[in-house]
S.K.: 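Quick one: this structure, given as structure tokens, is what I'll be asking you about.
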Amino acid sequence: QVQLVESGGGLVQTGASLRLNCAASRRTFSNYDMGWFRQAPGKEREFVAHIMWSGGRTAYAESVKGRFTISRDNAKNTVYLQMNSLTPEDTAVYHCVAGLIDTTTGRATCWGQGTQVTVSS
């Protein structure tokens, strides 16, 4: 399995931007679909964004569409989540995922430990 390490979370104010990074350990990173899920306290895990191994196709939750952008750099084994116009509703632990990703059930082959994003009003 690929090891995933997220970074870039933090505390920001409403309207600010953050970029989350997810570094993968394996050289075969480019063969993996990648994505992001998030989980807020007391809420169920929520799909955020997904990008295919080729980088050619992306998908987003309706709640983040137009504000968040997922991208990847296969040469650096890294996937990014650019988050703009953040609101308190975006406050959650964000997890990077890889492999077979089911955006409906919230299942994925590999999970990172997560990085906290907190948006103050």
Side-chain angles (χ1 to χ4, degrees):
Q1 287 192 344
V2 61
Q3 302 289 328
L4 304 171
V5 179
E6 303 98 332
S7 62
L11 171 63
V12 297
Q13 293 186 333
T14 296
S17 297
L18 278 176
R19 189 180 79 164
L20 304 183
N21 310 306
C22 174
S25 63
R26 288 189 60 164
R27 295 179 183 177
T28 54
F29 168 82
S30 61
N31 295 336
Y32 286 74
D33 289 356
M34 302 292 296
W36 293 89
F37 284 86
R38 67 186 181 185
Q39 188 161 21
K43 294 187 178 181
E44 293 187 354
R45 183 184 300 157
E46 177 187 22
F47 162 72
V48 177
H50 169 264
I51 186 167
M52 291 188 66
W53 64 271
S54 64
R57 182 177 293 179
T58 58
Y60 297 91
E62 285 298 320
S63 59
V64 307
K65 198 173 291 185
R67 300 187 298 122
F68 291 12
T69 302
I70 188 170
S71 61
R72 65 191 296 162
D73 186 337
N74 287 344
K76 296 182 178 180
N77 287 2
T78 302
V79 64
Y80 307 97
L81 185 67
Q82 177 66 43
M83 306 186 296
N84 299 328
S85 302
L86 287 162
T87 74
E89 288 68 38
D90 296 315
T91 295
V93 175
Y94 284 70
H95 295 272
C96 178
V97 296
L100 295 176
I101 300 169
D102 189 324
T103 61
T104 301
T105 65
R107 295 179 180 177
T109 307
C110 304
W111 287 79
Q113 294 280 4
T115 185
Q116 177 70 48
V117 172
T118 303
V119 185
S120 63
S121 57

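What you see below is based on every heavy atom in this structure, not just the backbone, and it leaves out hydrogens, waters and symmetry mates. What you are looking at is a predicted structure, and each value in this text was computed from that prediction instead of being measured. FYI, the numbering just counts along the sequence from 1.
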S.K.: For Glu62 and Lys65, which heavy atoms make the closest approach, and how far apart are they?
M.R.: OE2-NZ, 2.7 Å
S.K.: Quick one: pull up OG1 in Thr14 and CD in Glu89 and give me the separation to the nearest 0.5 Å.
M.R.: 8.0 Å
S.K.: Do Glu6 side-chain atoms and Gln113 backbone N/O form a donor-acceptor pair below 3.5 Å?
M.R.: yes
S.K.: What is the distance from atom CG of Asp90 to atom CZ of Arg67, rounded to the nearest 0.5 Å?
M.R.: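 One gets 4.0 Å once the value is rounded to the nearest 0.5 Å.
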S.K.: Looking at Leu81 and Ala49, what are the two nearest heavy atoms and their distance?
M.R.: CD1-CB, 4.1 Å
S.K.: Say whether, by atom type as modelled, one donor and one acceptor occur between the side chain of Arg45 and the main chain of Arg107 under 3.5 angstrom.
M.R.: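 Side chain of Arg45 to backbone of Arg107, a donor-acceptor pair under 3.5 Å: no, none is there.
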S.K.: Please round to the nearest 0.5 Å and tell me the distance separating atom OG1 of Thr78 and atom CE of Met34.
M.R.: 8.5 Å
S.K.: Please give me the minimum heavy-atom distance between Val2 and Ala24, naming the atom from each residue.
M.R.: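 Of all heavy-atom pairs spanning Val2 and Ala24, the closest is CG2-CB, 3.6 Å.
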S.K.: Test your reading of the model: is there a side-chain donor-acceptor pair from Thr109 to the backbone of Leu100, 3.5 Å cut-off?
M.R.: yes
S.K.: Hey, any chance Phe68 and Tyr80 share a hydrophobic cluster, counting ILVMFWY side chains that come within less than 4.5 Å of each other, even indirectly?
M.R.: no
S.K.: So does Arg19 get a backbone contact from the side chain of Gln82, meaning a donor-acceptor N/O pair under 3.5 Å?
M.R.: no
S.K.: Could you measure the distance from the OG1 atom of Thr115 to the CZ atom of Arg38? Nearest 0.5 Å is fine.
M.R.: 14.0 Å
S.K.: Listing request: all disulfide (SG to SG under 2.5 Å) pairs with a residue in residues 25-121, at least two apart in sequence or in separate chains.
M.R.: Cys22-Cys96
S.K.: Is there a path of hydrophobic side-chain contacts, each under 4.5 Å between heavy atoms of I/L/V/M/F/W/Y residues, joining Val93 to Val48?
M.R.: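 Cluster IDs for Val48 and Val93 differ.
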S.K.: Passes side chain to side chain contact (heavy atoms under 4.5 Å, CB included), His50 versus Asp33? Steps please.
M.R.: CA-CA 7 Å; His50 169 264; Asp33 289 356; 3.6 Å; yes
S.K.: What pair of heavy atoms forms the shortest contact from Ser17 to Ser85, and how long is it?
M.R.: OG-N, 4.3 Å
S.K.: Suppose we screen for ring pair (Phe, Tyr, Trp, His ring centres under 6.0 Å). Which residues come up paired with Tyr94, at least two apart in sequence or across chains?
M.R.: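 Residues passing ring pair (Phe, Tyr, Trp, His ring centres under 6.0 Å) with Tyr94: none at all.
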S.K.: So, does Thr91 use its side chain to make a donor-acceptor pair with the main chain of Val119 at under 3.5 Å?
M.R.: yes
S.K.: Look at the rings of Trp111 and Phe37 and say which category their plane angle falls in: under 30° parallel, 30 to 60° tilted, over 60° perpendicular.
M.R.: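 Rings of Trp111 and Phe37: tilted, 30 to 60°.
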S.K.: Going by heavy atoms in the side chains, are Arg72 and Ile70 under 4.5 Å from each other?
M.R.: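 No, every pair of side-chain atoms sits at 4.5 Å or beyond.
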S.K.: Is there a chain of hydrophobic side chains (I, L, V, M, F, W, Y, each step under 4.5 Å between heavy atoms) that links Ile101 to Leu4?
M.R.: no
S.K.: Which one of Val97, Thr103, Thr104, Thr105 satisfies the side-chain contact (heavy atoms from CB on, under 4.5 Å) criterion with Phe47?
M.R.: Thr103
